[in-house]
Amino acid sequence: MQVPFFDLRDQFAAIRDEVLPAVAEVLDSGRYALGPAVEAFERDFAAFTGGRFCIGVQSGTTALTMALLAHGVGCGDEVITVPYTFLATAESISWMGARPVFVDIEPATFTMDPFRLESALTPKTRAIVPVHLYGQTADLGPIAEFAREHGLVLIQDAAQAHGATWRGQRLGETGFTACYSFYPTKNLGACGEAGAVVTDNEDVAGICRALRDHGQVEKNRHERIGFNARMTALQGAILGIKLKRLEAWTAARRRIAERYDQRLLDAEVQTPVRADWGDHVFHLYVVRSGHRDALREHLDRRGVGTAIHYPAPVHRQPCYAHLGYAAGAFPEAERAAREVVSLPMYPELSDDAVAYVAQAVREGTRLSSRRAGGSRA
Ligand SMILES: *Cc1c(COP(=O)(O)O)cnc(C)c1O
């Protein structure tokens with residue numbers, strides 16, 4: 001059996017008959033940037049997330065960049081975030097001329113450890129960007145309390161958390177601007193690049209709407225220096241079709257996660273921990289192993305695709321060497337980078353494939369721990 005880490009073809013086959021006419025309709029309309037298809041998707045996605053405003057943009061990275069700018073983050077500011085995320089979180093902070101300041105993660109959930117925020121605070125701190133990693137929210141309660149106490153902006157990196165909740169609230173209902181990515185592999189993925197800013201703040205929404213279109217508030221009146229970050233009409237139309245299925249897809253991801261959990265009970269891996277504060281949407285199903293590389297090789301031999309999210313924390317990337325963080329600066333992020341492996345996870349993954357992957361993991365952990373002298377994961 002071959003189980004790829006990820007495969008979008010079955011998903012497309014299931015919606016092909018709806019997508020192709022919608023694509024033709026957009027092409028026939030002659031409006032290819034923004035337009036009615038994007039507006040309709042923005043309304044639907046705002047409703048889905050529980051936010052007041054949704055601004056469709058070119059990518060998750062531009063959503064983060066524009067949200068930071070709209071909330072007043074700029075040159076000389078410091079923004080607290082985590083080193084254990086996709087690079088784009090820090091990258092968008094850097095492009096605003098601000099400095100990313102990292103705090104370590106809480107090991108059970110791989111998300112921002114609120115109790116470390118105090119140590120990162122300086123007079124220059126302007127904002128906090130928690131990342132809802134793998135489909136699970138960071139613990140927004142204490143993070144929001146810290147932000148309120150110190151007058152900081154809070155922006156959510158929700159690129160991996162479409163439909164996730166925090167204490168029963170959808171992310172758009174929390175009152176904090178949330179940035180989404182619709183990169184093809186995300187839980188809601190475009191057939192190309194796209195992203196969105198969701199916010200309750202009317203000023204922020206207006207600024208983002210202008211920013212994505214070169215700062216224009218009306219034709220040829222540029223009030224700010226903006227970006228070319230408009231969502232294309234084709235992506236808006238396709239995302240609208242996919243959004244209607246997102247709840248069913250999320251339910252399928254949760255079922256797959258539960259099956260993995262059950263079948264990995266006797267494997268020497270740490271399966272994902274569900275925080276009591278939120279509903280996991282399983283963008284990724286990530287296990288930890290003390291013999292990660294050996295396990296991965298075994299899975300590869302068994303025809304099971306895997307991936308590492310993320311093999312090097314952001315503070316150890318060459319592009320961030322100038323920040324001066326040494327190895328060991330964030331031990332939990334660095335340990336996670338050594339121990340994690342992401343197993344195949346997508347809604348169309350069959351029960352047989354899940355059973356096969358779990359069996360291969362059980363074998364792989366037995367073999368690698370025996371080779372390492374029986375030490376436990
Ligand atoms: C994917 C991702 C982004 C960036 O989104 P793009 O649409 O690829 O620009 C930002 N943050 C996190 C955590 C992501 O996973």
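Counting starts at 1 for both ligands and their atoms, in listed order. For this chain, numbers begin at 1 and follow the sequence in order. Keep in mind it's a predicted model, so treat the numbers as computed, not measured.
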Next item on the list: Determine, for Glu18 against Arg245, whether the closest basic-nitrogen to carboxylate-oxygen distance falls under 4.0 angstrom.
Entry: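 Looking at Arg245 together with Glu18, the answer is yes, because their closest N to O distance falls below 4.0 Å.
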
Notebook entry, point to check: Who's the nearest protein heavy-atom neighbour of atom 11 (N) of ligand 1, and how far?
Noted result: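 Residue, atom and distance for the closest contact: Asp157 OD2, 2.8 Å.
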
Note to self: Checking a contact table here: which protein heavy atom is nearest atom 9 (O) of ligand 1, and how many Å away?
What the structure shows: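 Protein heavy atom at minimum distance: Thr61 OG1, 2.5 Å.
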
Do [X] and [Y] make the cut of ring centroids closer than 6.0 angstrom?
{"X": "Phe102", "Y": "Tyr325", "answer": "yes"}
{"X": "Phe48", "Y": "His162", "answer": "no"}
{"X": "Tyr180", "Y": "Phe45", "answer": "yes"}
{"X": "Phe115", "Y": "Phe146", "answer": "no"}

Check: Could an N or O of ligand 1 be found under 3.5 Å from any N or O of Thr85, whether backbone or side chain?
Finding: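 No; every N/O pair is 3.5 Å or more apart.
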
Checklist line | N/O separation below 3.5 Å, Tyr183 to ligand 1 | finding: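 Such a contact does not occur with ligand 1.
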
Notebook entry, point to check: What's the shortest heavy-atom distance between Ile93 and Arg99, and which atoms?
Noted result: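 Looking at all heavy atoms of both residues, the shortest contact is CG2-C, 3.9 Å.
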
Report, in ascending order of atom number, the atoms of ligand 1 lying under 4.0 Å from any heavy atom of [X].
{"X": "Ser59", "value": "7 (O), 9 (O)"}
{"X": "Val131", "value": "13 (C)"}
{"X": "Thr89", "value": "11 (N)"}

Notebook entry, point to check: Is Val304 reachable from Leu349 through a run of hydrophobic residues whose side-chain heavy atoms are each under 4.5 Å from the next?
Noted result: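 Yes.
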
Next item on the list: Just let me know how Leu133 lines up against ligand 1, side chain, backbone, both or neither, with a heavy-atom cut-off below 4.0 Å.
Entry: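 Neither; nothing of Leu133 gets under 4.0 Å from ligand 1.
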
Margin query: Counting only heavy atoms, tell me which of Cys179, Ala159, Gly60, Gly189 gets closest to atom 3 (C) of ligand 1.
Written below: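 Answer by nearest heavy atom: Ala159.
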
Notebook entry, point to check: Nearest non-hydrogen atom to atom 7 (O) of ligand 1 belongs to which of Ala90, Ser92, Ser181?
Noted result: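 Ranked by closest heavy atom to atom 7 (O) of ligand 1, first place is Ser181.
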
Notebook entry, point to check: Would you say Lys186 contacts ligand 1, with heavy atoms under 4.0 Å as the rule?
Noted result: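 It does; at least one heavy atom falls under 4.0 Å.
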
Notebook entry, point to check: So Thr306 and Asp300, side chain to side chain contact (heavy atoms under 4.5 Å, CB included) or not? Walk me through it.
Noted result: CA-CA 8 Å; Thr306 58; Asp300 185 52; over 6 Å; no

